[in-house]
Number of protein chains: 2
Amino acid sequence: MGDEGTTTDGRRVRGQRRRAQIIEATLTVVRRDGAAGVTHRAVAKEAGITTSLTTYYFATLDDLLVAALTEVADTYTEHIRRIMDTSDDPVRDFAALVAASAGEGRERALAERELSTLAARRPALRPVARRWRERVADLAWLRTSDPRAVEVFVAVSEGLCAAILLDEGRADPEHVRAVLERALAGG
Amino acid sequence: MGDEGTTTDGRRVRGQRRRAQIIEATLTVVRRDGAAGVTHRAVAKEAGITTSLTTYYFATLDDLLVAALTEVADTYTEHIRRIMDTSDDPVRDFAALVAASAGEGRERALAERELSTLAARRPALRPVARRWRERVADLAWLRTSDPRAVEVFVAVSEGLCAAILLDEGRADPEHVRAVLERALAGG
DNA sequence: AGACAACTAGAACCATCGTACAATTACTTC
DNA sequence: GAAGTAATTGTACGATGGTTCTAGTTGTCT
């Protein structure tokens, strides 16, 4: 609800910018304090604006979280699309992306997981999360035409990410890649 | 902190019972409203006791959540141990357990996922969550001696569970089993 | 029976949060 | 430059929640 952005005249441009800024601040908060830390006030403070502005652009906190997950999913999708378009070894690059969840990408991966968990309880978010996994599947289709292998690949990538988040950091890209390759191979 | 229970005399028995009762109520709340819905008051109301009691047994909300996740993990572990001890086809029975996340076991699986996500941010919980996955690995070791196959199996089981939670219900035990079997086979 | 610790109840304090609202400013359009 | 709409601010209300405190009860040991 409360969606503008269809008009292309100057009026709404500023608004869209603010909107993006607020979402960005929300993601920062999620990365730092988790989804539970997302409050109008925390987000507003992070963005350097007043509390009323966040409620102006997102009537309810839920709207804000939905927008945040959507943004995260879009970013991820874009990332994968780029890998698919430019890489000569997509699985290797994807493995690097997954493995990054241990280091510099940890907070991002944590945010992704928290928001994705949130999606399980909010029907409105499920299509977003599903599209997310479909992109990973697209990547697998490059290497196999066996639907079951694709399914294993997607599941493994999700499971690996979870494992990395819980195993405090040890994640060798080469190792991740090997596991992913094995998932693709299969009997 | 605040851990008793080492003494075996009568004094603490009542206390341990209360403790278990509070944890049980906490899990009910988590299943119903998610981890975010866990408050001293909500838990107390669920258990039919006063708010001060929950703080008496669990000084902070965090302690309560930690105890709840530990309990969930223990239950899961026990479940798997029983499958390993008694089943003639552990993978089939495990698949049934995973597939149940779609139907009657959905709330339970949701609670597990939320608490496990919580673990990623709480170092104190990581060993618990890790033991959890080790039990699944134990199950895989029954069927293969290839460490990589075991790793794929564990990751797949986690990913499948996530997929089931997001794909609103469609989860055929036979299908889950087939995917798990494929993960074990591998090239 | 008395002492002492475990346990339970009820209320209250203080902080935070979601949300609403009126007032003010910035921008666009005519 | 006047009018009108979008954007922004400051403030406040009502509700909820974590935590603490005090007082009272129960059970156990000597």
Side-chain angles (χ1 to χ4, degrees), chain A residues 1-26 28-30 32-68 118 121-122 124, chain B residues 1-26 28-30 32-68 114 118 121-122:
Chain A
M1 302 99 186
D3 261 26
E4 317 92 0
T6 48
T7 59
T8 48
D9 54 322
R11 266 213 308 281
R12 309 296 173 97
V13 171
R14 247 188 337 152
Q16 288 300 96
R17 249 200 282 268
R18 266 275 189 260
R19 211 182 142 85
Q21 178 195 5
I22 294 174
I23 292 176
E24 190 48 49
T26 304
T28 303
V29 172
V30 174
R32 195 184 50 218
D33 307 321
V38 174
T39 69
H40 278 137
R41 286 174 172 85
V43 169
K45 182 174 182 183
E46 179 63 40
I49 59 182
T50 58
T51 316
S52 3
L53 258 191
T54 64
T55 71
Y56 178 75
Y57 284 95
F58 300 91
T60 134
L61 255 194
D62 235 55
D63 292 343
L64 186 49
L65 285 169
V66 169
L118 213 66
R121 289 208 189 259
R122 274 158 242 245
Chain B
M1 304 99 182
D3 261 27
E4 319 92 359
T6 48
T7 58
T8 50
D9 54 322
R11 267 214 306 280
R12 310 296 174 97
V13 170
R14 249 188 335 151
Q16 288 299 95
R17 250 201 281 268
R18 266 273 187 261
R19 214 181 140 86
Q21 178 195 5
I22 293 174
I23 292 176
E24 189 49 47
T26 304
T28 302
V29 172
V30 174
R32 195 183 51 216
D33 307 319
V38 173
T39 69
H40 278 138
R41 285 173 174 85
V43 170
K45 183 174 180 182
E46 179 63 40
I49 58 181
T50 58
T51 318
S52 17
L53 262 189
T54 64
T55 70
Y56 178 74
Y57 284 95
F58 301 92
T60 134
L61 256 194
D62 234 56
D63 291 343
L64 187 49
L65 285 170
V66 169
E114 289 197 342
L118 213 67
R121 290 210 187 256
R122 276 158 241 247

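The chains referred to below are lettered A, B, ... by the order of the sequence lines, with proteins before strands, and numbering in each begins at 1.
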Under the salt bridge (Lys or Arg N to Asp or Glu O under 4.0 Å) test, residues paired with A:D62 that sit two or more places apart:
A:R122
So what is the 5' to 3' dot-bracket string for DNA chain D, if pairs are Watson-Crick or G-U wobble with both distances under 3.5 Å, crossing pairs use [ ] and | means the partner sits on another strand?
||||||||||||||||||||||||||||||
Grab the CZ-C1' distance between B:R19 and C:dA6 for me, whole Å please.
15 Å
Taking only side-chain nitrogens and oxygens of A:Y56, does any of them come within less than 4.0 Å of OP1 or OP2 of D:dT8?
no
Return the minimal non-hydrogen interatomic distance between B:V38 and B:V30, and the atom names on each side.
CG2-CG2, 3.4 Å
Using a 4.0 Å cut-off on protein heavy atoms (strictly under), produce a 5'-to-3' string for nucleotides 18-25 of chain C with B for base contact, S for backbone-only sugar-phosphate contact, and - for none.
BB------
Output a table of donor-acceptor pairs, distance under 3.5 Å, between side-chain atoms of residues 39-52 of chain A and any protein atom two or more places apart or on a different chain; print 'none' if there are none.
| unit_1 | atom_1 | unit_2 | atom_2 | d |
| --- | --- | --- | --- | --- |
| A:T39 | OG1 | A:R41 | N | 3.4 |
| A:T39 | OG1 | A:A42 | N | 2.9 |
| A:E46 | OE1 | A:R32 | NH1 | 2.9 |

Identify, with sequence neighbours excluded, every residue that meets side chain to side chain contact (heavy atoms under 4.5 Å, CB included) alongside A:A67.
A:I23, A:F58
Within this structure, what is the CD-to-C1' distance between B:Q16 and C:dA6, rounded to whole angstrom?
13 Å
Side chain to side chain contact (heavy atoms under 4.5 Å, CB included) between A:V66 and A:D63, intermediate numbers included:
CA-CA 5 Å; A:V66 169; A:D63 292 343; 5.5 Å; no
Closest non-hydrogen atom pair, B:R19 against B:Y57
NH1-O, 3.8 Å
Take B:V29 and B:T26 through the test side chain to side chain contact (heavy atoms under 4.5 Å, CB included) and record every step on the way to the result.
CA-CA 5 Å; B:V29 172; B:T26 304; 5.7 Å; no
OP1 or OP2 of C:dA6 versus the side-chain N and O atoms of B:Y57: is any pair under 4.0 Å?
no
Once you round it to whole Å, what is the distance between C1' of C:dA6 and CG of B:L53?
12 Å
In whole angstrom, what separates B:R18's CZ from C:dA9's P?
6 Å
